[in-house]
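A quick write-up on the structure given underneath.
Note that this is a predicted model, so its numbers are computed, not measured. Here is how names work: the chains are called A, B, and so on, in the same order as the sequence lines, proteins then strands, and each is numbered from 1.
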There are 2 protein chains.
Amino acid sequence: MTSQQDLLDTLALVARALGNGHRLALLERLAQSSAAVETLASAADLSIGNASQHLQQLRRAGLVTASRSGKQMIYRLTDERIVNLLGLLRQVAETNLAEMERLVSQLFAEDDASGALEAVSSRELLAALERGEVALLDVRPADEYQAGHLPGAINIPLKQLEAMLGDLPRDKEIVAYCRGPYCALSHEAVQRLRQLGYRVRRFEDGFPEWKAAGLPVSQP
Amino acid sequence: MTSQQDLLDTLALVARALGNGHRLALLERLAQSSAAVETLASAADLSIGNASQHLQQLRRAGLVTASRSGKQMIYRLTDERIVNLLGLLRQVAETNLAEMERLVSQLFAEDDASGALEAVSSRELLAALERGEVALLDVRPADEYQAGHLPGAINIPLKQLEAMLGDLPRDKEIVAYCRGPYCALSHEAVQRLRQLGYRVRRFEDGFPEWKAAGLPVSQP
DNA sequence: CGAACATTCAATCTATCAATTGAATATCGG
DNA sequence: CCGATATTCAATTGATAGATTGAATGTTCG
């Protein structure tokens, strides 16, 4: 006979798969796009063997699937909702855990110092885009941009920011985005562009959150 | 300096707190209402000492808070969104883990055998209530009902079902609800009432989910 | 077919988690 | 203040997770 506790134990199995920083890093990378083990390992700063083990655990928990493509195993998230799950976890943690708030404000300290404005919410961004008021800037590396991006976004990888300023409009406000709320790329971009006199703000989330919310994306 | 990994490690801390069946049982009980350690321990079928330890962990993860009331410590969820988090975890697990699906269908096997209809979604239920088409039946114990319930619900604890049939309207369809999707009370109630010739269906969620969705509740 | 490559498996060691026990602390009623 | 009640703390033991190593598997390419 099945008891309620069996169900909760199985649910706990899934939660436990989320209970490790390295695995969360792997999931964050997978939220960008599917990828091979080597890519994932280097994104999460793990050895290949170790990354593989963690990926097995995620697989057992039903969070990722793998399929072979030639010599490589391509991993992907099983479910778009996993991005929502991570987002909600983040919200709950930020609201209720002092340590979390401390770390976040530390990561964003430079923003505050430079007088950067509030980040733009997806609701605001959507409205501003419809009115044609803002230009979208994707500062992720080119391969991630190509795997999917917000419609109409210009891609200038952070490393080439100064070299590619010509692609940016000077007359509009710019909204920069990258991988997600904890990704440093857009923070950095906003700071540097502000120094150069651009009107620019950060999108508070990133590409995966936008997509998981069911908003339109350009995909290959 | 703060790295992104520090943030993920801290997030993992919260996820790890969810990674244990007993702690999930405690959280499910807390989703009904705040409660003292002894109540929680018996709801989760744990010794007092063990329950206390698990509650400490939940506290460290920022998921619950405790306040003293006389001799007792009253625990409560820190955040309504924790119910949403558990709900989303459940959805992801049910969709992607075969084992989970197996357990759920096993738990609901009797429903299928008795030809019970699909459960009612909260959207449907809300609409039917507005049109006055259905009567709401809360089959939880009286103390949980008193700590909060759906507006207009009649409370008949499952144990007194046959004794209190007089409280139920015979002319309307009845929707029964209890603690949540995995709670057996409303399943049992539906089966027994159907045998007696009532038109009755189950609400697919329970009181906590209804409340966490921001829908109206009657509270003391 | 066999070498090179990408990944997984098996075995090991250490660190952390879960349950239990008994002592310690805080509050209440008399 | 004292004894009863509710809970937490500290210490112990067995179980499980994480990292590392090297061998094993499956795939491509010459």
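Looking at heavy-atom distances under 4.0 Å, Q57(A) makes contact with sugar-phosphate atoms alone, never a base. Contact annotation for Q53(B): base contact, defined as any heavy-atom pair under 4.0 Å involving a base atom.
Nearest-nucleotide assignment on DNA chain D puts the 5′-proximal partner with N20(A), out of N20(A) and S69(A). Residues L55(A) and R16(A) each lie close to DNA chain C; by heavy-atom proximity, the contact nearer the 5' end of the strand is made by L55(A).
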request  = Please test H54(B) against L46(B) for side-chain contact (heavy atoms from CB on, under 4.5 Å), starting from the C-alpha separation and ending with a verdict.
outcome  = CA-CA 10 Å; H54(B) 282 300; L46(B) 293 170; 4.1 Å; yes
key: Stepwise side-chain contact (heavy atoms from CB on, under 4.5 Å) test for W210(A) and Y177(A)   = CA-CA 10 Å; W210(A) 178 273; Y177(A) 72 88; over 6 Å; no
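OP1 or OP2 of dA6(C) has not a single side-chain nitrogen or oxygen of Y75(A) nearer than 4.0 Å. One finds no side-chain N or O of R68(B) lying less than 4.0 angstrom from the OP1 or OP2 phosphate oxygen of dA6(D). For Q72(A), no side-chain nitrogen or oxygen approaches OP1 or OP2 of dC5(C) to under 4.0 Å. Under 4.0 angstrom from either OP1 or OP2 of dT7(C) there lies no side-chain N or O belonging to S52(A). Phosphate contact (OP1/OP2 of dC17(C), side-chain N/O of H54(B), threshold under 4.0 Å): absent.
When E144(A), E209(A), R29(A) are each tested for a side-chain contact (heavy atoms from CB on, under 4.5 Å) with R179(A), only one passes: E144(A).
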